[in-house]
Amino acid sequence: MDNPQRADANDTSEKSARDWALSLAQYRKPNTRRAVYELAASLIPFIGLWALAWWILPYSAVLAVLIAILNGGFLVRLFAIQHDCGHGAFVKNAKASNWIGRCLGVLTLTPYAVWRKSHSHHHSTSGNLDHRGMGDVHTKTVAEYAELNRWQKLGYRLYRSPFVLFGLGPVYLFVLQNRLPIGLMTAGRIYWISAMGTNAVLALLLGLIAYFGGIWPLLLVFAPTVMTAAAAGVWLFYVQHQFEETHWDRDDAWNIQDAAFHGSSYYKLPAFLNWLTAYIGVHHVHHLNCRIPFYRLPEVLSDHTRLAHIQIITLAESFHCARLHLWDEDQRRLLSFAHANKLIAAQRPA
């Protein structure tokens with residue numbers, strides 16, 4: 001592993017987002033031995049907990065479900081590895097990286113090529129108000145919300161409710177939407193091959209489970225693991241960009257480095273949760289240079305202490321983010337519906 005010289009002396013608040021992006025390029029080199037370890041440390045416990053939950057199911061359905069829910073954390077970690085593969089950051093060999101991503105895509109119910117394309121779009125347009133709609137959480141401005149009719153406002157409020165965003169939304173996204181290359185239906189056969197190939201292998205896997213164990217392992221082991229991971233994954237993605245002082249601009253003022261740096265949070269979790277989520281909470285660094293392997297992100301924070309002390313959102317603070325819904329272009333911050341409605345009312349002519 002590389003050992004870049006500590007750069008604390010250069011970590012000043014005046015350092016631009018572009019400067020940060022350039023200085024972090026030295027961390028892009030993957031470590032194959034470390035990558036193999038991280039994959040094994042995620043996949044082996046995942047398979048072991050899955051087998052344990054299935055084995056214990058005839059004796060205690062409740063305990064089996066609890067183990068399956070716990071195993072959702074390891075599925076999140078496997079998704080994070082798939083995520084790194086999509087960026088070409090996990091291992092040096094591109095072919096190996098893509099095949100690891102494809103295989104993990106079956107476990108995460110996420111077609112690899114489809115997700116990689118939509119996620120690439122997210123990175124290239126994050127924080128751009130004129131390019132919303134793919135790979136992001138749909139966010140309206142206060143002005144746009146004010147122009148909606150009553151039913152449209154109700155629809156948007158329902159969409160932004162925690163029950164939909166973190167309950168129904170993840171179920172729809174991973175169980176239904178991912179079965180088709182939504183957003184890329186006419187973009188080429190590679191995306192259909194990715195989606196249909198993932199569906200075929202997933203159907204075979206579920207068929208084998210049903211053949212050997214019946215319906216209950218699917219309902220009480222497979223489903224709780226997937227739904228827990230899906231909800232956790234959507235929550236992580238939400239908190240990493242939907243915080244009060246995030247960053248949005250119109251196309252003519254938008255800059256990819258500023259949007260990456262200022263529009264991504266450092267979700268500072270307890271040590272075990274940081275490990276379980278593959279340090280994806282260090283999201284401001286990830287967006288500055290998405291080719292940095294997740295297992296090198298702690299090294300970046302250690303070498304550049306300035307990055308370890310900005311845009312921090314703690315676990316306790318993060319729940320406030322679920323109450324933020326609309327971007328105010330004048331105040332340049334996310335607001336709650338209640339706060340936004342007061343602004344809209346104040347701007348109406350007397």
Side-chain angles (χ1 to χ4, degrees), residues 39-83 85-86 99-116 118 162-182 191-238 273 276-278 280:
L39 182 59
S42 308
L43 191 58
I44 292 173
F46 174 77
I47 294 173
L49 286 173
W50 220 99
L52 177 62
W54 193 343
W55 175 81
I56 211 166
L57 182 58
Y59 306 100
S60 173
V62 172
L63 187 55
V65 170
L66 291 176
I67 295 171
I69 290 173
L70 174 65
N71 206 18
F74 285 96
L75 189 56
V76 168
R77 200 166 202 272
L78 290 171
F79 186 90
I81 292 176
Q82 178 185 349
H83 165 267
C85 290
W99 274 108
I100 292 170
R102 292 185 187 106
C103 293
L104 292 179
V106 176
L107 298 179
T108 63
L109 278 65
T110 305
Y112 175 67
V114 178
W115 175 85
R116 181 175 59 179
S118 65
F163 176 70
V164 172
L165 275 180
F166 313 118
L168 295 181
V171 175
Y172 167 76
L173 174 61
F174 287 91
V175 176
L176 297 177
Q177 180 176 307
N178 280 353
R179 307 285 61 81
L180 293 171
I182 302 297
Y191 304 110
W192 281 96
I193 292 171
S194 176
M196 295 305 109
T198 300
N199 291 344
V201 179
L202 180 60
L204 176 61
L205 176 63
L206 296 180
L208 289 172
I209 293 172
Y211 178 79
F212 288 105
I215 192 67
W216 294 114
L218 291 174
L219 295 178
L220 300 180
V221 179
F222 175 82
T225 296
V226 168
M227 292 304 98
T228 300
V234 170
W235 171 256
L236 287 167
F237 183 78
Y238 181 90
L273 290 180
L276 198 62
T277 58
I280 197 63

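Positions are given from 1, in the same order as the sequence printed here. Treat the numbers as computed from the prediction; the structure is a model and nothing was measured.
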Exercise. Show your working on side-chain contact (heavy atoms from CB on, under 4.5 Å) between Gln82 and Ile100 and close with a plain yes or no.
Key: CA-CA 7 Å; Gln82 178 185 349; Ile100 292 170; over 6 Å; no
Between [X] and [Y], what is the shortest heavy-atom contact and its length?
| X | Y | result |
| --- | --- | --- |
| Pro217 | Ile209 | CB-CG2, 3.9 Å |
| Met196 | Arg179 | CE-O, 3.1 Å |
| Asn71 | Pro45 | OD1-O, 4.0 Å |
| Ile81 | Ser42 | CD1-OG, 3.7 Å |
| Thr277 | Ala80 | O-CB, 4.2 Å |
| Gly72 | Ala229 | O-CB, 3.5 Å |

Rounded at 0.5 Å granularity, tell me how far [atom1] in [X] sits from [atom2] in [Y].
| X | Y | atom1 | atom2 | answer |
| --- | --- | --- | --- | --- |
| Tyr191 | Leu180 | OH | CG | 15.5 Å |
| Phe74 | Leu43 | CZ | CG | 11.0 Å |
| Ser60 | Leu66 | OG | CG | 7.5 Å |
| Leu75 | Leu104 | CG | CG | 9.0 Å |
| Leu202 | Leu107 | CG | CG | 9.0 Å |
| Leu173 | Thr110 | CG | OG1 | 7.0 Å |

Quiz item: Which class fits the ring pair Trp50 and Trp54: parallel under 30°, tilted 30 to 60°, perpendicular over 60°?
Solution: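 The rings of Trp50 and Trp54 stand perpendicular, inter-plane angle above 60°.
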Quiz item: Hey, is the main chain of Ala113 close enough, under 3.5 Å, to the side chain of Ser194 for a donor-acceptor pair?
Solution: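 At least one qualifying donor-acceptor pair exists.
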Self-check item: Polar side-chain atom of Tyr112 near backbone of Cys85 as donor-acceptor pair, under 3.5 Å
Solution: yes
Exercise. Could you walk me through whether Ile69 and Met227 pass side-chain contact (heavy atoms from CB on, under 4.5 Å), step by step?
Key: CA-CA 8 Å; Ile69 290 173; Met227 292 304 98; over 6 Å; no
Quiz prompt | Flag if over 12 foreign heavy atoms under 6.0 Å of CH2, Trp192 | solution =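 Yes, because the 6.0 Å sphere around CH2 of Trp192 holds more than 12 heavy atoms from other groups.
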Practice problem: Walk me through it: do Val114 and Asn178 pass the test side-chain contact (heavy atoms from CB on, under 4.5 Å)? | Solution: CA-CA 8 Å; Val114 178; Asn178 280 353; over 6 Å; no
Practice problem: Please name the residue in the list Ile56, Leu57, Leu52 that meets the side-chain contact (heavy atoms from CB on, under 4.5 Å) test with Leu63. | Solution: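 Among Ile56, Leu57, Leu52, the one that satisfies the side-chain contact (heavy atoms from CB on, under 4.5 Å) with Leu63 is Ile56.
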Exercise. For residues Trp115 and Phe79, establish whether the separation of their ring centroids is below 6.0 Å.
Key: yes
Exercise. Mind running side-chain contact (heavy atoms from CB on, under 4.5 Å) on Val76 and Leu276 for me, showing each step along the way?
Key: CA-CA 7 Å; Val76 168; Leu276 198 62; 6.0 Å; no
